[in-house]
Amino acid sequence: MPELPEVEITRRGLAAALSGQRIVRVVIRNASLRWPIPKQLAALLAGKTIREVRRRAKYLLLDCGDGALIVHLGMSGSLRILREGCAAAAHDHFDLILENGVMLRLRDPRRFGAVLWQDGDPLTHPLLAGLGPEPLSDQFSGAVLHKATRGRSASIKALLLDSRIVAGIGNIYANEALYAAAIRPSAPAGRLSRGRCERLVIALKQTLEAALAAGGSSLRDYVASDGEFGCFQLQYAVYGRANLPCPQCSSPVRALRIGQRSTFYCACCQR
DNA sequence: CGCCAGGCCTGCACGC
DNA sequence: TGCGTGCAGGCCTGGC
């Protein structure tokens, strides 16, 4: 569930609590996430100091100087800042306990998330090395999207979800941004004009910023690191709104599947 | 009960 | 041959 805005909200909460703190203990209750949590992680992390908390796409990077803990929340993961000793509940798989008594706890019912270690620069990890530009950075522009989509016959929505084109766009925000840009999700990416690429990139950035301002989207499992819920789901124009009226023209929102993912759009407003 | 869900990797068949 | 492409499947639990 957590998409880029939710991961960024989490990052901000973690940065305030974890930066500069030393790790004293690691608890692994269930190592079987998407990939197994390395069993030597407990020994490896003890004594390290978290320098800063970064994000690349939907990966959180706890930078320890000589390497980084890489955390992905998958579909149902959340990270909470708690006090050491707080009782673990179901699906609380992993804890980091810090010198000052603060505890970082990962909960992930579906276990599609990941906790990994990368020596040195975490951006060299195979999962991160091939990622495209960050959508909120200046590295991602209409010109960049236009160039990346030339010659591609796949739908624009499929390519927005391709992390090699742009990193960390999830299904909700792909749907919402295409609506905001008035572009049909099924449109062949290679035929989008330069102007429409510009408009889409602006819409994508605005959609992500609006979600950040609303504290992200809380659908089922997501909570911020302080336990707060996001409320951007109240602002969805099309996502999850099959047959409900389009906010602009009131015609019913259509639902279909593109690349195995639920897709929603207004056939009147999006061309 | 079956079906669906915010992610994302792997592998396959197919067509150019 | 080697891509790009669209699928299917896999990993899981929980909610409807």
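In this text, all values refer to a predicted model and were calculated from it rather than measured experimentally. Here is how names work: the chains are called A, B, and so on, in the same order as the sequence lines, proteins then strands, and each is numbered from 1.
- Shown here are the side-chain hydrogen bond (donor to acceptor under 3.5 Å, both in side chains) partners of R83(A), two or more places apart in sequence or in another chain: there are none.
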Open item on the list: For nucleotides 10-16 of chain C, give me one character per nucleotide, 5' to 3': B if any protein heavy atom sits under 4.0 Å from the base, S if the only such contacts are to the sugar-phosphate, - if neither.
Closed with: BBBBS--
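- Contacts between residues 53-62 of chain A and DNA chain B, defined by a heavy-atom separation below 4.0 Å, involve K58(A), Y59(A), listed by number.
- Across all strands shown, R257(A) has heavy atoms under 4.0 Å from sugar-phosphate atoms exclusively, and none from any base.
- No hydrogens or angles considered: a donor-acceptor pair under 3.5 Å links the side chains of T263(A) and K157(A).
- Minimum interatomic distance between Q270(A) and C266(A) (heavy atoms only, all atoms of both residues): OE1-N, 2.7 Å.
- Within the 4.5 Å cutoff, side-chain heavy atoms of L178(A) are placed close to those of L200(A).
- Here the separation of dA8(C) from dC4(B), taken at their P atoms, is 12 Å to the nearest Å.
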Open item on the list: For a quick check, with a 4.0 angstrom heavy-atom cut-off, what is the B/S/- contact string for nucleotides 10-16 of chain B, read 5' to 3'?
Closed with: -------
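- Note on Y239(A): only backbone sugar-phosphate atoms sit closer than 4.0 angstrom, heavy atoms only; bases stay farther off.
- Taking atom CZ on R261(A) and atom P on dG9(C), their separation rounds to 17 Å, with Å as the unit.
- Taking a 4.0 Å limit (strictly below) on heavy-atom distances, residues 141-163 of chain A reaches DNA chain C at R152(A), S153(A), A154(A).
- Here the shortest heavy-atom pairing between R164(A) and G130(A) reads CG-O, 3.6 Å.
- Judged by distance alone, with hydrogens and angles left aside, the side-chain atoms of S137(A) form a donor-acceptor pair with the main-chain N or O of Q139(A) at under 3.5 Å.
- Applying the side chain to side chain donor-acceptor pair (under 3.5 Å) test to every pair with at least one member in residues 229-248 of chain A, sequence neighbours left out, gives these pairs: S217(A)-Y236(A).
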What pairs of nitrogen or oxygen atoms, one from the protein and one from nucleotides 1-3 of chain B, lie under 3.5 Å apart?
none

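- Other members of the hydrophobic cluster containing Y59(A), listed by chain and number, are W35(A), L61(A), I70(A), L116(A), L123(A), L127(A), L128(A), L131(A); membership follows side-chain contacts under 4.5 Å among ILVMFWY residues, whether direct or relayed.
- The side-chain hydrogen bond (donor to acceptor under 3.5 Å, both in side chains) test applied to T149(A) returns no partner, not counting sequence neighbours.
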- [ ] Under 3.5 Å for both distances, Watson-Crick or G-U wobble, that's the pair rule; now give the dot-bracket for DNA chain B, with | marking pairs to another strand and [ ] for crossing ones.
- [x] .||||.||||||||||
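- Pairs of residues two or more places apart, or lying in two chains, that qualify as salt bridge (charged side-chain N to carboxylate O under 4.0 Å, His left out) and include a residue from residues 17-28 of chain A are R22(A)-E99(A), R25(A)-E84(A).
- In this structure the side chain of L104(A) never reaches within 4.5 angstrom of the side chain of D95(A), judged on heavy atoms.
- Comparing the same atom, C1', in dC1(B) and in dC11(C) gives a spacing of 22 Å after rounding to whole Å.
- No side-chain heavy atom of L159(A) sits less than 4.5 Å from a side-chain heavy atom of L161(A).
- Under a 4.0 Å N-O distance rule, the pair R80(A)/D226(A) does not qualify as a salt bridge.
- Among residues two or more places apart in sequence or in another chain, the side-chain hydrogen bond (donor to acceptor under 3.5 Å, both in side chains) test is passed with E134(A) by R55(A), R56(A).
- The phosphate of dG6(C) has neither OP1 nor OP2 within less than 4.0 Å of any side-chain N or O from Q260(A).
- Looking at every heavy atom in both residues, R150(A) comes nearest to C197(A) through NH2-SG, 4.2 Å.
- Of all heavy-atom pairs spanning V24(A) and A46(A), the tightest one is O-CB, 4.2 Å.
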